[in-house]
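Structure first, commentary second.
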Amino acid sequence: MDDKLLKLCKYGLWGLMGIIVVILAICFFKGESSADIQMYVTYTLVILLVIAILFSPIYGAIINPGNVKKIGIAIGLFAIIALVAYLISPGATLSAEYLESMGVTAKSEAVCDYLMMFVYIMLGGTFASVIYSAIAKFFK
């Protein structure tokens, strides 16, 4: 059963990648008039990502109930990282005149700063885990 699902996911990802390449090629040749298509593709990909993020732990918990504790720890770490990013994000740092000229509110800028800080922390954690994994594998 797991091999079937793995093959199905593999072929689904290859198909999705092919569709994205075709859409990007169409957008490249259409120029700026394809901005709507690009936005809809982005929305679709975000929705598929959220579905995959929600489905993966549920499927893992069903297949191996012992992983529920690990999933809980991962969700807890995710929440802690989100809280840390919120606490250390600088918030609205640009002048009110500049924000008004750009058509952005101070709250929008603060949210963008928080999300960027969150992504930076997650990216740093990813790099750290890859480096740790490589060093640990080297010494084994």
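Worth knowing before you read on, the calculation uses all heavy atoms, side chains too, and leaves out hydrogens, waters and symmetry mates.
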* From Ile88 CD1 over to Asp113 CG, what is the distance, rounded to the nearest 0.5 angstrom? -> 11.5 Å
* Between the side chain of Ser133 and the main-chain N/O of Ser129, is any donor-acceptor distance below 3.5 Å? -> no
* **From Ile73 atom CD1 to Ile80 atom CD1, the distance as rounded to the nearest 0.5 Å** => 10.5 Å
* Asked: Same cluster for Val111 and Leu87 if Ile/Leu/Val/Met/Phe/Trp/Tyr side chains link at under 4.5 Å?
  -> yes
* Asked: Between atom CE of Met116 and atom SG of Cys112, what is the distance when rounded to the nearest 0.5 Å?
  -> 8.0 Å
* To do: Check the hydrophobic clustering (I, L, V, M, F, W, Y; side-chain heavy atoms under 4.5 Å; chains of links allowed) and say if Met117 and Leu123 are grouped together.
  => no
* Asked: At their closest point, which heavy atom of Tyr114 faces which heavy atom of Ala85, and how far apart are they?
  -> CD1-C, 3.7 Å
* With hydrophobic residues grouped by side-chain heavy-atom distances under 4.5 Å, do Met122 and Leu77 end up in a single group? -> no
* Qualifying ring pair (Phe, Tyr, Trp, His ring centres under 6.0 Å) pairs with a residue from residues 62-83, counting only residues at least two apart or across chains -> Phe78-Phe118
